[in-house]
Visitor: 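Quick one: this structure, given as structure tokens, is what I'll be asking you about.
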Amino acid sequence: MPTKEKSPTASPIGRSTPRVDGPVKVSGKAQYASDFHFPGMLYAVPVEATIANGRVVKLDTAAAEKMPGVRAIFHRENIGKIFRSVKGPGFEGICDERRPPFEDDVVRYYGQYVALAVADTFEAAKAAADAVRVTYAKDKPNVATDLKADDKPEVESERGDADAAFATAAAKIDETYVTPAETHNPLELHATTAIWEGSNLTLYEASQGVVNLKGVLAQMFGLPKENVRVITKFLGSGFGSKLWPWTQCPLAAAAARQLGKPVKLVVSRKMMFQSVGHRPRTQQRVRLGATPEGKLVSLQHDYVHHTAILDDYHEDCGEATAFQYSVPNLRVTAGRAKRNVGSPTPMRGPGAVPGLYATESAMNELAEQLKIDPVKLRVLNEPKIDESLGVPFSSRHLLECFELGAEKFGWAKRTPKVGSMKRDGLTLGWGMAGCSWIAARLSAEASVQLRDDGTTRVASATQDIGTGMYTILAQLGSLKAGVPLDKVEVALGDSALPEGPLSGGSLATGSVIPAVLAAADNAIASLLTIATTTPGSPFEKRKTTDLAFEGGRVFVKADGPDGGVPFAKFLQRANLRLATGSGKSEATFGNPKPKVSTHSFGCHFVEVTWQAEIARLRVSRVVTVIDAGRILNPLAGRNQIEGAVVMGIGMALFEHTSYDPQTGAPINSNLADYVVSVNADVPPIDVHFLDYPDKEINELGARGIGEIGLAGIAAAITAAVHHATGVRVRELPITLEKLL
């Protein structure tokens, strides 16, 4: 059932709620990492390598150092010691590029930082960086697009005998699907502003994980964790590129340490294509074997992706393969191919997004071969349990997603013959695909204050990356304290707060809910104790077990809230400003032996229009249905899915990062040549949510929804394109040359 809108007087949970941080953003009052200014602040600009493979032989900094306003040109010899960080348990100490900046003279990718100019103004720093002359010993870079695993591929999941079952299958699909390197390109550039006060380091950073960054910096500079503070009040999106620290961050901190002044470093748009991550290129062979009726008997998914020379980043393309459909014989293998590129990093829906593009595309090809409706094929292969783990799903309503999506889209009117559907002189193509995404909790802490002015404060060192975390925590505070949203203050984005989760994997919301609810319960318990121990209180002789708290009032359970007393009165009588509580939630992510399998599911139905005379292709309509537990804020939820679908249109039709085989440089390293979806490319998007709370994740039954909307959409688009044109595109993006 689609989520029903709640009345304005109902619980704040499940009600469409505008962003509480919207006014400060649209008024320009919200400060992002590059917006902070401090007395005496200096500006830093990196010097980038213009080769992708070789080493630095000589740095000539003499001319740059003499330029007006230049304070220093830093390099390997004078930057000071920056240690390597070590990966800890869970999500601690994580960097994708483990090598600290300037650690050696070897250049392993184009744009690698080899020096840093610092000056009184940005313009002076940029001029000085341009004036540094670098001599290299150069070798030909390897940025080859044909991917073969450097080592023996690793078997990630296996059951039965996939080879034997495939060999004897009545119907077979054996195809390779390719996704290119993609660059995140959030609107906000990566930025770091570093300030030292004695041995204490404060960073204003564009980060999706202030707690992890705090730990990494403590290791890099040999500091106790309590000496490091990371602040990210607002983030202009990240799509995963800002999950982990990049080299500009310790560089800014090291320069500030050396000069004794605040230092700001903003990564340019061109640098964003080189030194702050990307989704790696993938090459995926999918083999499906099935009976004539469409029952899968074998599934093999063998994928390789590129990675950096020094790093072992893993793009988990097989994340969903082993449980998405029922199949007795399965094997998933993974391999890496080292290339002279900067380190890849998670990009919205890492692993599952390129992986489901391949497997869902293969399912669509199998449906065509068997002349079975692609929805029916998926229904035929619906699993009863998670066959990869041998445990039940906590909540899985994928069949209902297919049913509702087909109904809303009008799928029954589809005629399967290529090019058979027309409207207004255009050829229509219809396609669909399923999707899934992980659901779990990370460890989280939070605090809640009930204050004597009738307001509530909710705090946690997580981040709002544009997805609505400020609003969600305000809703939780309103729910527990019984006060309006505008009476709830939310404190986020500061590592000095109780340790919160990173904002990645669609895990943050589900993780903070138990911590905030526990903190609120503890604050309420503290308040009830105050109510029974404050002289002159009407509840002075009561036990706390006799009392309850609801709607911002303390009352005797038998009497109900109408006869209660506002909580602020007890705090004032006790000469206290607030009642406080803290709460924690434990992680479930990464549990090797879970009792249930926790995921979100969904599907996309897509229409494209094809005008062969002028080779014009457009995505004209999308219907998406998502099963993601309870939706806390349908307004923000739809916005998340719509944004993911728009990103999926870009993935299918436009986005790719190309590397020059001679220099290793990203060729299209700007937003003119790296094409993303814009308003003109976006069709009507009809989003529907099912409403099945998943209490295995948290008390409210909510799962994250930031990424699932991107999973599967590219496969639905390529299926629709094939239905319209007869061309089966297996390497993204779908360029017009491939259709002519």
Side-chain angles (χ1 to χ4, degrees), residues 25 28 30-49 64 69-74 79 97 101-102 111-132 183-196 201-210 213 217 230-259 261-278 342 345 463 465-466 493 666 669-671 674:
K25 287 183 174 179
Q31 286 186 290
Y32 296 81
S34 64
D35 291 334
F36 289 91
H37 297 275
F38 300 96
M41 190 169 70
L42 306 176
Y43 297 82
V45 173
V47 178
E48 307 160 87
V70 173
R71 297 298 185 100
I73 307 295
F74 290 112
I79 191 65
E97 186 171 339
F102 307 166
Q112 178 181 311
Y113 301 148
V114 296
L116 182 74
V118 184
D120 293 337
T121 66
F122 168 76
E123 292 78 8
K126 178 67 170 63
D130 291 342
V132 174
T183 303
H184 303 72
N185 277 306
L187 184 63
E188 180 198 18
L189 300 168
H190 287 243
T192 304
T193 302
I195 303 172
W196 289 83
L201 171 63
T202 299
L203 249 76
Y204 295 84
E205 175 73 19
S207 174
Q208 293 177 239
V210 296
L213 178 52
L217 288 170
V230 180
I231 297 172
T232 304
K233 292 297 185 183
F234 296 96
L235 200 79
S237 195
F239 306 123
S241 68
K242 296 169 183 171
L243 272 172
W244 319 126
W246 294 104
T247 48
Q248 94 282 342
C249 182
L251 273 183
R257 177 181 61 182
Q258 295 288 80
L259 295 170
K261 299 275 190 179
V263 170
K264 178 185 293 187
L265 196 168
V266 180
V267 174
S268 71
R269 182 62 65 183
K270 181 176 183 293
M271 293 177 192
M272 298 275 281
F273 285 82
Q274 300 162 175
S275 52
V276 290
H278 60 277
T345 200
Q463 309 73 214
I465 62 173
S669 55
N670 57 78
L671 290 183
Y674 185 92

Visitor: Taking Lys264 for its side chain and Ala191 for its backbone only, find out whether a donor-acceptor pair lies under 3.5 Å.
Guide: no
Visitor: For the residue pair Ala255 and Ile79, what are the closest heavy atoms and their distance?
Guide: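 Closest approach of Ala255 to Ile79: N-CD1, 4.5 Å.
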Visitor: Is the closest side-chain heavy-atom distance between Met41 and Thr193 below 4.5 Å?
Guide: yes
Visitor: Less than 4.5 Å apart, any side-chain heavy atom of Phe234 and any of Asp35?
Guide: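 Heavy-atom side-chain distance check fails, nothing below 4.5 Å.
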Visitor: Provide the closest heavy-atom pair for Ser237 versus Pro186 in the form atom of the first, atom of the second, distance.
Guide: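 Closest approach of Ser237 to Pro186: O-CB, 3.4 Å.
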Visitor: Identify the heavy atoms of Ala124 and Val70 that sit nearest to each other, and give their distance.
Guide: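 Here Ala124 and Val70 meet closest at O-CG2, 4.3 Å.
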Visitor: Using the rule side-chain contact (heavy atoms from CB on, under 4.5 Å), only one of Thr202, Leu217, Leu201 pairs with Val230; which is it?
Guide: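 Between Val230 and the candidates, side-chain contact (heavy atoms from CB on, under 4.5 Å) is satisfied uniquely by Leu217.
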Visitor: With a 3.5 Å distance limit and no angle check, can you tell me whether Trp196 reaches the backbone of Ala254 through a side-chain donor-acceptor pair?
Guide: no
Visitor: If you define the side chain from C-beta out and look only at heavy atoms, does anything of Asp120 sit under 4.5 Å from Leu42?
Guide: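 Heavy-atom side-chain distance check passes, below 4.5 Å.
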Visitor: Please tell me if the side chains of Met271 and Gln248 come closer than 4.5 Å, counting only heavy atoms from C-beta onward.
Guide: no
Visitor: For the pair Tyr113 (side chain) and Pro101 (backbone), establish whether a donor and an acceptor sit closer than 3.5 Å, ignoring hydrogens and angles.
Guide: no
Visitor: As an exercise, state the distance from CG of Leu116 to CD of Gln258, rounded to the nearest 0.5 Å.
Guide: 11.0 Å
Visitor: Without swapping roles, check the side chain of Gln208 against the backbone of Lys242 for a donor-acceptor pair under 3.5 Å.
Guide: yes
Visitor: State, to 0.1 Å, how close Ser207 and Gly209 come at their nearest heavy-atom pair, and which atoms those are.
Guide: OG-N, 2.9 Å
Visitor: Check whether any side-chain heavy atom of Asn185 sits under 4.5 Å from a side-chain heavy atom of Phe273, and report yes or no.
Guide: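 A side-chain contact exists here, since the closest heavy-atom pair is under 4.5 Å.
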Visitor: When rounded to the nearest 0.5 angstrom, what distance separates OG in Ser275 from NE2 in His190?
Guide: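 These two atoms lie 8.5 Å from each other.
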Visitor: To the nearest 0.5 angstrom, please state how far the CG atom of Leu213 sits from the CD atom of Gln463.
Guide: 9.5 Å
Visitor: Are any non-hydrogen side-chain atoms of Ile73 and Val47 less than 4.5 angstrom apart?
Guide: no
Visitor: With sequence neighbours left out, write down each residue that passes side chain to side chain donor-acceptor pair (under 3.5 Å) with Asn670, or none if nothing qualifies.
Guide: Asp673
Visitor: Looking only at heavy atoms, which two atoms of Gly236 and Tyr32 are closest? And how far apart?
Guide: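 It is N-CE2, 3.5 Å.
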Visitor: Nearest 0.5 Å, what's the CG-CZ distance between Leu251 and Phe74?
Guide: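 Result: 10.0 Å between the selected atoms.
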Visitor: What pair of heavy atoms forms the shortest contact from Ala125 to Ala119, and how long is it?
Guide: N-CB, 3.5 Å
Visitor: Is the closest side-chain heavy-atom distance between Val266 and Phe122 below 4.5 Å?
Guide: no
Visitor: Sub-3.5 Å donor-acceptor pair from the side chain of Thr232 to the main-chain atoms of Glu205, do we have one?
Guide: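 At least one qualifying donor-acceptor pair exists.
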Visitor: Quick one: are Thr247 and Gln112 in side-chain contact, heavy atoms under 4.5 Å?
Guide: no
Visitor: Report the distance from atom CD of Gln31 to atom NZ of Lys25, rounding to the nearest 0.5 Å.
Guide: 14.0 Å
Visitor: Find the distance between NZ (Lys233) and CZ (Phe36) and round it off to the nearest 0.5 Å.
Guide: 8.0 Å
Visitor: Go through the steps for Ser34 and Leu189 under the test side-chain contact (heavy atoms from CB on, under 4.5 Å), then give the verdict.
Guide: CA-CA 9 Å; Ser34 64; Leu189 300 168; over 6 Å; no
